[in-house]
Amino acid sequence: MIRTLHSRVRLGGHHRLIASVSAPSPLTAGASSNDSASSSTNFKQLSPQSLSYHPTTQPSRSFWSSSSSSQDDEINSNTTTIPSSLLPAPPLTPSNISATSLLSNSTIESLQSLPEIKSALDTLYSTTTANTTSIQQVHTNLQRARDILQSLPELYSATYLISMDLYALQGRYDLALESLARYNHHSLQQQQTKGKNKHQQSQLQFLKAKMYLLSGQFTHALSEYEDLLDIMEQRIQHQMKNQQKSQVSRGVSVIDGAATLTGVGLTKLFLMLHHDQPDVDAATTTTNEIMEAIETSTEMLLESRRDALNSPQHATLALDLGIAASISLTNLGIVHCTLLNNKVKSIELWKQGLDTLDNLLGDAMNMATIIPRHKFLWMESLRARLHCDIACLLLGLEEEQQDDDGELKMKKQLEEETLKHASEAAKKGLDIYDELINGAKILRSENDGGSDDTTQDEKPTNNNDDDDDDDKKEWERILKEEVKKKQESADEDKPPEVAALSQLWIDYHRCESARALGLVAHCYAQAGAAVTSEGLFQSAMDASASYPMGQSLRNSSNSNVVVAAPDDNGKGIALSSPNLGLIARDVRVWYAMLCNNWEKRKGDADRLLADAQRIDEEMIFQGYSALTEEERKNKKKTKRISGMLSSLWLFNPIDFVRK
């Protein structure tokens, strides 16, 4: 039976758990009980929220442990986490699914021996844009591969994970969920996996819940996340029994617990936004549950990260916890803005998120830790998103401004200081996206024979920040040395030291940069530079409609199917990500606000608003966009879901799998 909105968050309550980072990360191999016991004495005790029913006796750190026991959670060799995967790293984004990341290298090698499978993996993970195989042909190839692999059940079932990722990339989450169900069915039929692979099943349930949320099926998503909480409670009961017998077993990792809490909180947030509460008390209760879930997740991650920093051997775990904490701070700020209208608190939390990301770089240098390239890009995309959130709130764009006739209008002239801070935040976000798309500026200027002066001129300077300047120069020196090593390695035909990145990293960041472009454009409009503003808005619209397997506005239909004009080269507005859909909609709404402030531009404004309406109705899933049928018919006074929700991130433990 599906639980109601008012079911309690079971990771809250009076008693507290001791978070443990005294063992290796859950993403690495487990440690012996002796190692765990010897290292646990070197850590201070933490206090993330505990499960509600745990007894008066304070449990050990292993409750939120990252250690593992082969007897408790045996991971099948088919799905073992391997540091260097044969597949390029998938983009780590709010809409990332990447179930194929669970496959081992041996499975991937076997599957790639079939051309039909290789074409599907190339579509998912290609490092170039040269893949011309149509998505329909890829699905046909996969079905042909299944006919060949029927006598090999492990490989046969693995093809459904590939189908799941392909359908998710298209935004066809109904078919992706069906592929997941088929995979589970065939996997359970294999005698060697019965009663095993609890870790894998947990990861797949996280992905299932996320796909429910992305497709607007929030009640189903909430049910999945609360089921995950039930499983965690059972594991903690098992942990306590083993502790009484002086046995060591795997606890519940901090990231798993935080991801589950985040899922509970965000699904309840969407349910609340979509359904009117019966009374004030019910709304208050739901708001408190949402806040408690996200706050507990944030607290767990921040405190556990501080504990991990006490030991250099847990540097990688500290990095993962810091990234997850910055995501949780982003979500918490949006909840404060959306539900409580507390803009000051939201900006405070987002600045804390930026500080957390800054500290990750300093901690990595102090602990002599190399941050993997895909995680560094992940951190930078989070940083850009936080800057954009701050700018959006300062500009007052979290809500639409309509006059008495229902027309969108730009807010009255902002105070000079407010506009200055908003402009700085928007520009920082845009600069980061520029580097994510085109590479580091210092390397580009060097390759072009230029100097770094232009880079410095584009950023605000402070003569009092000499230490920061020294750190920056040191990082630039390290970066240049690493690039030089890679170039020398490539010249010697040596295998690359790091895995390649999927081309979709750049494609996603290019689409997401539309938000930063739109915010900078709005700043110019506020400053009276309407012509410059319009040029930036045009660039923002182009960027928002540049996603592969996107949908063209000119050819959109009432179904979430890939339909693109031939001259668009298969690109358009992303179908797989409501986050990118909200950004594409918002830049058109903001552009319309500019046109409404100009004489003889009302026709352009109406066209832009019509496009925004079509994105809401057809490209952002109807359950996600929260428009009722009556609101859809009323073209002038539509209640759009806030564009601030484009920054929400429902992270999964699988996002942290790669090293």
Side-chain angles (χ1 to χ4, degrees), residues 85-103 120-131 135 161-162 164-171 173 176 203 206-207 210-211 214 259 320 323-324 326-327 330 357 371-386 388 429 432-439 498-516 543-550 570-584 646-659:
S85 173
L86 291 176
L87 296 174
L92 296 173
T93 67
S95 57
N96 177 51
I97 298 299
S98 299
T100 46
S101 296
L102 292 169
L103 299 176
L121 292 175
D122 285 344
T123 301
L124 283 174
Y125 293 101
S126 178
T127 56
T128 68
T129 56
N131 185 25
I135 195 71
L161 288 184
I162 300 176
M164 173 181 163
D165 281 356
L166 283 169
Y167 284 126
L169 186 62
Q170 292 179 265
Y173 289 108
Q203 300 299 315
F206 273 111
L207 296 181
K210 184 172 183 176
M211 287 191 291
L214 291 174
D320 290 343
I323 294 174
S326 64
I327 294 174
T330 304
L357 292 171
I371 299 177
R373 180 168 56 145
H374 68 284
K375 288 187 179 179
F376 178 77
L377 295 178
W378 191 6
M379 291 163 56
E380 288 300 284
S381 68
L382 291 170
R383 191 189 307 276
R385 193 175 293 110
L386 285 164
C388 289
I432 294 172
Y433 281 121
D434 175 41
E435 294 200 337
L436 287 172
I437 297 168
N438 301 309
V498 294
L501 298 179
S502 167
Q503 172 64 27
L504 291 177
W505 282 86
I506 294 177
D507 294 325
Y508 191 96
H509 291 148
R510 182 178 289 110
C511 287
E512 198 173 41
S513 70
R515 189 184 186 207
S544 70
S546 64
Y547 198 73
M549 286 178 278
K571 296 185 177 182
I573 295 172
L575 296 176
S576 59
S577 173
N579 304 70
L580 294 182
L582 287 172
I583 290 173
S646 64
S647 288
L648 287 178
W649 191 313
L650 195 64
F651 65 92
N652 288 332
I654 195 176
D655 295 336
F656 301 88
V657 165
R658 282 179 179 262
K659 298 299 177 195

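The residues of the chain are indexed from 1 along the displayed sequence. Just so we're clear, the structure is a prediction, and the values are computed from it rather than from any experiment.
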L580 vs Y547, side chain to side chain contact (heavy atoms under 4.5 Å, CB included): CA-CA, chis, key distance, verdict: CA-CA 9 Å; L580 294 182; Y547 198 73; 4.2 Å; yes

Interatomic distance, I432 atom CD1 to H509 atom NE2 [nearest 0.5 angstrom]: 10.5 Å

K210 side-chain N/O to N96 backbone N/O, donor-acceptor pair under 3.5 Å: yes

For the student: nearest non-hydrogen atoms of L582 and S646, plus distance: CD1-N, 3.8 Å

Atom pair CG (L648) and CD1 (I327), whose distance is rounded to the nearest 0.5 Å: 11.5 Å

Any side-chain heavy-atom pair of R385 and P94 under 4.5 Å: yes

Interatomic distance, W378 atom CH2 to L436 atom CG [nearest 0.5 angstrom]: 14.0 Å

D165 side chain vs T100 backbone, donor-acceptor pair below 3.5 Å: yes

Gap between atom CD1 of I506 and atom OG of S546 - 0.5 Å precision: 11.5 Å

By side-chain hydrogen bond (donor to acceptor under 3.5 Å, both in side chains) - contacts of S544 (at least two apart): R588

Closest heavy-atom pair and its distance - P88, S502: CB-N, 3.8 Å

Closest non-hydrogen atom pair between Y125 and P90, with its separation: CE2-CB, 3.7 Å

Expected output: side-chain W505 to main-chain H374 donor-acceptor under 3.5 Å: no

Nearest heavy atoms of A543 and A514, plus distance in Å: CB-CB, 4.1 Å

Side chains of M379 and I371 in contact at under 4.5 Å (non-hydrogen atoms): yes

Pairwise distance CG(L377) to CG(L501) - rounded to 0.5 angstrom: 6.0 Å

Close side-chain approach of S577 to T93, heavy-atom, < 4.5 Å: no

Spatial distance of atom SG (C511) from atom OH (Y433) [nearest 0.5 Å]: 11.0 Å

Shortest non-hydrogen contact between P653 and A259, atoms and distance: CD-CB, 3.9 Å

Steps toward side chain to side chain contact (heavy atoms under 4.5 Å, CB included) verdict (I323, F656): CA-CA 9 Å; I323 294 174; F656 301 88; 4.3 Å; yes

Which residues share a side-chain hydrogen bond (donor to acceptor under 3.5 Å, both in side chains) with N652, sequence neighbours left out: none

Worked verdict on L386 versus L357 for side chain to side chain contact (heavy atoms under 4.5 Å, CB included): CA-CA 11 Å; L386 285 164; L357 292 171; 4.0 Å; yes

Side-chain donor-acceptor pair present, Y508, S381, cut-off under 3.5 Å: no

S101 backbone acceptor or donor facing S98 side chain under 3.5 Å: no

Partner set under salt bridge (Lys or Arg N to Asp or Glu O under 4.0 Å) for R510, not counting sequence neighbours: D507

L87 vs L103 side-chain heavy atoms within contact, under 4.5 Å: no

Side chain to side chain contact (heavy atoms under 4.5 Å, CB included) between R515 and S647, worked out: CA-CA 11 Å; R515 189 184 186 207; S647 288; 2.8 Å; yes

Close side-chain approach of L214 to P578, heavy-atom, < 4.5 Å: yes

